[in-house]
Amino acid sequence: MPETVVVLTKKEFMRKLKERRLLEVAKGSGVSYPTLRRMLKGESDIINLTVRKKVTDFLGVENG
């Protein structure tokens with residue numbers, strides 16, 4: 001059976017990220033604090049899929 005994947009829009013992803021402390025997310029997800037900060041400041045238009053998966057897994061977004 002194919003795996004079901006829940007996809008967040010960039011807006012939803014950013015909202016979930018803003019709801020948490022970046023240092024906490026960095027430590028829990030394994031994504032560096034500077035990377036998370038750049039994402040929130042909008043300095044990066046493209047979010048790497050590996051980074052996105054690490055962060056969504058940490059934030060508890062169900063994928064499957």
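- The two atoms that bring Met14 and Met39 nearest to each other are CE-O, 2.8 Å, heavy atoms only.
- Contact check on Glu19 versus Arg15 returns a salt bridge, with a Lys/Arg side-chain nitrogen under 4.0 Å from an Asp/Glu carboxylate oxygen.
- With sequence neighbours left out, Arg20 forms a side-chain hydrogen bond (donor to acceptor under 3.5 Å, both in side chains) with Glu24.
- Interatomic distance, CG of Leu49 versus NZ of Lys54, reported as 12.5 Å (0.5 Å rounding).
- Pairs passing the salt bridge (Lys or Arg N to Asp or Glu O under 4.0 Å) check and including a residue from residues 27-36, sequence neighbours excluded, do not occur.
- For the side-chain hydrogen bond (donor to acceptor under 3.5 Å, both in side chains) test, no residue two or more places apart in sequence or in another chain qualifies with Glu43.
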Under 3.5 Å, side-chain donor or acceptor atoms of residues 28-36 against the rest of the protein: list the pairs with distances, not counting sequence neighbours.
from  : atom 1 : to    : atom 2 : distance (Å)
Ser29 : OG     : Val25 : O      : 2.6
Ser29 : OG     : Val31 : N      : 3.2
Ser32 : OG     : Thr35 : N      : 3.3
Ser32 : OG     : Thr35 : OG1    : 2.8
Thr35 : OG1    : Arg38 : NH2    : 3.3

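- Here Arg37 contributes atom CZ and Leu17 contributes atom CG; the two are 13.0 Å apart, rounded to the nearest 0.5 Å.
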